[in-house]
Student: 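I'd like to ask you about the structure that follows.
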Amino acid sequence: MIVILFSALIGCDTNSNSLNDDEDGLNSDEVIKVEDPEIIKLHDTLLGNRNVSERLIFYKDYQVTLKNISNDDLKYLVLWLNQDSLYKEIGSSAPYYDYQDIQNDAIELFGPDVVIDKESWRPGGCIYVYDELNDRFEGSPVDPNLFDPIYAAKFSSYEQDGEYIYIYNKILRTFADYFAEIVYVYSSFDESNSEIICSMEREKYKDGEITIDSKYFEEYGVNYKHIFKQSEAGSYYWVSSEPVT
């Protein structure tokens, strides 16, 4: 097992990847790449490396819009992204989430047309039931320490066109082995025709001590385009995602 783990870790980068890597072999004096920190943050918040399978809703082999996303997935994403601010407790153990808080956060992430329903939902195997009297969902908390990556993302570039921003990135399929405490990175999302191209210690990957080398994204990554639109408040919300060739 030790030999296997050592071999698997070869090729993984123990330092954080730079978004300004010179991938064309030119030196930094010849190519200057400028990236807006707010755009990077927008990418990382919703599209970046995450540990809940619902985020794969953005990464299909067709264009995904709000019409393609279930209300349960929307609620789960809103809850996961804003758990610290949304989470409240009844007494010392029973959590709840105010409906209006989830609705407001959903609008900020997905635009003014989104409407969160009041049906019961099951994030992470737990169940949340809507309490009409108090206008809230009551249930069990999602474990914030859960870590089960199913893809890795790397920001590529962005374009701005009036009120729209187009963000481009690359993704790789990953799998976390809880027993071996290793994250595996695969060459393809096609499980029948895929091989392990890199692996790393699960906890170090979680903590950002180990990242995936850019060369794997360049050779095996799937390219995606994500459209965001500016709201009246000046922030940007997600509109669509689609693969690009």
Side-chain angles (χ1 to χ4, degrees), residues 41-60 62-153 171 173-179 183 189 202-203 206-207 226-229 231-233 235-241:
K41 181 179 178 181
L42 185 63
H43 167 270
D44 291 349
T45 297
L46 198 59
L47 307 169
N49 302 338
R50 295 295 174 181
N51 52 351
V52 288
S53 59
E54 277 72 8
R55 289 178 197 276
L56 275 180
I57 60 177
F58 301 118
Y59 298 104
K60 304 295 185 182
Y62 52 84
Q63 185 186 59
V64 179
T65 66
L66 197 58
K67 295 179 180 179
N68 305 112
I69 303 179
S70 73
N71 223 270
D72 280 1
D73 283 342
L74 289 175
K75 286 183 281 193
Y76 195 4
L77 283 168
V78 169
L79 173 58
W80 192 271
L81 288 171
N82 301 286
Q83 181 165 311
D84 290 342
S85 61
L86 290 173
Y87 180 85
K88 299 172 184 175
E89 286 187 347
I90 308 169
S92 60
S93 60
Y96 70 90
Y97 303 90
D98 287 327
Y99 170 83
Q100 197 57 53
D101 288 344
I102 291 181
Q103 172 65 28
N104 291 341
D105 285 349
I107 290 175
E108 184 175 350
L109 291 170
F110 299 103
D113 295 331
V114 67
V115 177
I116 296 298
D117 66 32
K118 297 180 178 179
E119 299 297 323
S120 298
W121 51 298
R122 297 175 178 270
C126 305
I127 184 169
Y128 286 80
V129 178
Y130 177 70
D131 176 4
E132 185 174 1
L133 179 63
N134 294 297
D135 194 26
R136 65 192 184 194
F137 292 103
E138 297 181 358
S140 303
V142 177
D143 182 0
N145 296 313
L146 180 67
F147 184 70
D148 185 17
I150 35 70
Y151 73 88
I171 65 167
R173 181 170 73 91
T174 68
F175 172 75
D177 186 329
Y178 282 96
F179 296 101
V183 173
F189 274 79
R202 180 172 170 265
E203 283 302 313
K206 175 182 177 181
D207 295 337
H226 311 274
I227 300 178
F228 289 80
K229 185 177 181 181
S231 69
E232 292 182 358
S235 59
Y236 287 87
Y237 60 87
W238 177 86
V239 174
S240 69
S241 294

Student: Any side-chain donor-acceptor pair under 3.5 Å between Q100 and N104?
Tutor: yes

Student: Heavy atoms only: give me the nearest T65-S240 pair and the separation to one decimal.
Tutor: CG2-CB, 4.0 Å

Student: For the pair W238 and V64, evaluate side chain to side chain contact (heavy atoms under 4.5 Å, CB included) and give the outcome as yes or no after the intermediate values.
Tutor: CA-CA 11 Å; W238 177 86; V64 179; 4.0 Å; yes

Student: Could you measure the distance from the CG atom of D113 to the NZ atom of K67? Nearest 0.5 Å is fine.
Tutor: 10.0 Å

Student: Between Y151 (side chain) and G48 (backbone), is there a donor-acceptor pair under 3.5 Å?
Tutor: yes

Student: Sequence neighbours excluded, which residues qualify as salt bridge (Lys or Arg N to Asp or Glu O under 4.0 Å) partners of D135?
Tutor: K118

Student: Whether D117 and K75 form a salt bridge (side-chain N of Lys/Arg under 4.0 Å from carboxylate O of Asp/Glu) is what I want to check.
Tutor: yes

Student: Once you round to the nearest 0.5 Å, how far does OG of S70 lie from CH2 of W121?
Tutor: 11.0 Å

Student: For the side chain of N71 and the backbone of V115, is there at least one donor-acceptor N/O pair under 3.5 Å apart?
Tutor: yes

Student: With sequence neighbours left out, what residues match A106 under side chain to side chain contact (heavy atoms under 4.5 Å, CB included)?
Tutor: V78, V114, I116

Student: Between F189 and R173, is the side chain to side chain contact (heavy atoms under 4.5 Å, CB included) condition met? List the steps.
Tutor: CA-CA 6 Å; F189 274 79; R173 181 170 73 91; 3.7 Å; yes

Student: Please confirm whether F228 and Y237 have ring centers closer than 6.0 angstrom.
Tutor: no

Student: Show the numbers, then the answer: is there a side chain to side chain contact (heavy atoms under 4.5 Å, CB included) between V183 and D177?
Tutor: CA-CA 6 Å; V183 173; D177 186 329; over 6 Å; no

Student: So do N134 and D98 actually touch side chain to side chain, heavy atoms under 4.5 Å?
Tutor: no

Student: Is the closest side-chain heavy-atom distance between L66 and L74 below 4.5 Å?
Tutor: yes

Student: Identify, with sequence neighbours excluded, every residue that meets side chain to side chain donor-acceptor pair (under 3.5 Å) alongside S120.
Tutor: none

Student: Determine, stepwise, if the pair V129 / E138 fulfils side chain to side chain contact (heavy atoms under 4.5 Å, CB included).
Tutor: CA-CA 5 Å; V129 178; E138 297 181 358; 5.7 Å; no

Student: Rounded to the nearest 0.5 Å, what separates atom CD1 in I102 from atom CZ in R136?
Tutor: 12.5 Å

Student: Nearest 0.5 Å, what's the OG1-CG distance between T45 and L109?
Tutor: 8.5 Å

Student: Would you confirm whether the ring centroid of Y236 sits within less than 6.0 angstrom of the ring centroid of H226?
Tutor: no

Student: Are Y130 and F137, when compared by the centres of their aromatic rings, separated by less than 6.0 Å?
Tutor: yes

Student: Taking atom CD as the centre, does E108 end up with more than 12 heavy-atom neighbours from other residues, nucleotides or ligands that are less than 6.0 angstrom away?
Tutor: no

Student: Locate the shortest heavy-atom distance separating P112 from I107; write the atom from each residue and the value.
Tutor: CA-CG2, 4.0 Å

